[in-house]
Amino acid sequence: SYCVFAFSVGYSAVALNHVIDFKEKKQEIVKPVSPSELFPSLPIVQGTSKRIKVLTRLTLVVSDPSHCNLLASILIYQSTSANIRLYDIIAVYPKTEKLFHIACTTLDVDLVCINVTEKLPFYFRRPPVNMAIDRGIYFELLYTPAIKDSTMRRYTISNAISLMQICKGKVSSQSENKL
């Protein structure tokens, strides 16, 4: 599996990602899967004597501005689900400029995810990006599809440069690989 590969090449931590897309109605935030359910004993990181750290991550995909109130109730007040507190990492994947702005300025998240392999429907603006950085939020770029396609590669380079110029390097990356 990809997880075993990550351990063998020296990764010291991995995250088990649970994705909720708000396009579908009545999405409920479930309790994260315990790493002990997947791994009876955690592998040792190659070259060290330490065990791998397995984190849990919740990614909320939002594409409609009508989701703003729902997101606020989940991520600001955490009133709709006590399960959200059980995740180590909370990420939001906004699909519009308004949702991107809200994610950067208001929501209590760790990561704002951006698919840089396609033409973005908005430009990055310095004020929300700087506010996110000040709040300790990082930006995650999904770039794996760019490896296979030259058009996606062009968008990836252009969008990544645009974001990097504004955000001073506070960016991470995401693999599309699933367990």
Practice item. Answer yes or no: is there a donor N or O on one side and an acceptor on the other, between the side chain of Thr156 and the main chain of Met152, under 3.5 Å? Key: yes

**Study point:** Least distance between heavy atoms, Lys31 atom then Tyr87 atom
**Key:** C-OH, 4.0 Å

Review point. Taking all non-hydrogen atoms of both residues, which atom of Leu111 and which atom of Ile89 are closest, and how far apart?
Key: CD1-CG2, 4.0 Å

Review point. To the nearest 0.5 Å, what is the distance between CG (Asn130) and CZ (Arg125)?
Key: 13.5 Å

Practice item. Report the C-alpha separation of Tyr93 and Leu60 in whole Å, then their side-chain angles, then the decisive distance to 0.1 Å, and conclude whether the side chain to side chain contact (heavy atoms under 4.5 Å, CB included) test is met. Key: CA-CA 6 Å; Tyr93 184 179; Leu60 304 169; over 6 Å; no

Exercise for review: Check the pair Asp108, Ile90 against side chain to side chain contact (heavy atoms under 4.5 Å, CB included), reporting the backbone distance first and the verdict last.
Suggested key: CA-CA 8 Å; Asp108 185 17; Ile90 307 295; over 6 Å; no

Check your understanding: Just checking, Lys98 and Phe100: is the charged tip under 6.0 Å from the six-membered ring centre and within 45° of the axis?
Key -> no

Point to revise | Closest non-hydrogen atom pair between Val109 and Ala103, with its separation | key: CG2-O, 4.2 Å

Revision key, fill the gap. Students should find that the hydrophobic cluster of Ile157, defined by side-chain heavy atoms under 4.5 Å apart, otherwise consists of Ile161

Revision key, fill the gap. Pro128 and Cys104 have their tightest heavy-atom pair at O-CB, 3.2 Å

Point to revise | Between CG on residue Asn17 and OG1 on residue Thr56, distance to nearest 0.5 Å | key: 10.0 Å

**Study point:** For Thr96, side-chain hydrogen bond (donor to acceptor under 3.5 Å, both in side chains) partners two or more places apart
**Key:** none

Review point. After noting the C-alpha distance and the side-chain angles of Lys95 and Val61, does the key distance pass the side chain to side chain contact (heavy atoms under 4.5 Å, CB included) rule?
Key: CA-CA 8 Å; Lys95 302 281 188 136; Val61 180; 3.8 Å; yes

Point to revise | Qualifying residues under side chain to side chain contact (heavy atoms under 4.5 Å, CB included), relative to Tyr155, sequence neighbours excluded | key: Lys119, Thr151, Asn159

Exercise for review: Please list, chain by chain and in numerical order, all residues satisfying side chain to side chain contact (heavy atoms under 4.5 Å, CB included) with Arg135, sequence neighbours excluded.
Suggested key: Met131, Ile137

Check your understanding: Taking only residues two or more places apart in sequence, or in another chain, which ones meet Arg154 in a salt bridge (charged side-chain N to carboxylate O under 4.0 Å, His left out)?
Key -> none

Point to revise | Closest approach of Ile147 to Arg153 (non-hydrogen atoms, all atoms of both residues) | key: O-NH1, 3.2 Å

Exercise for review: Over all heavy atoms of both residues, which pair between Ser63 and Leu99 is shortest? Give the atoms and the distance, please.
Suggested key: C-CD1, 3.8 Å

Exercise for review: Can you measure from CG (Leu16) to CZ (Arg57) and round to the nearest 0.5 angstrom?
Suggested key: 11.5 Å

Point to revise | Worked verdict on Thr59 versus Val92 for side chain to side chain contact (heavy atoms under 4.5 Å, CB included) | key: CA-CA 5 Å; Thr59 302; Val92 66; over 6 Å; no

Study note, to complete from the structure: Hits for side-chain hydrogen bond (donor to acceptor under 3.5 Å, both in side chains) against Asp149, two or more places apart or cross-chain, chain-then-number order -> none

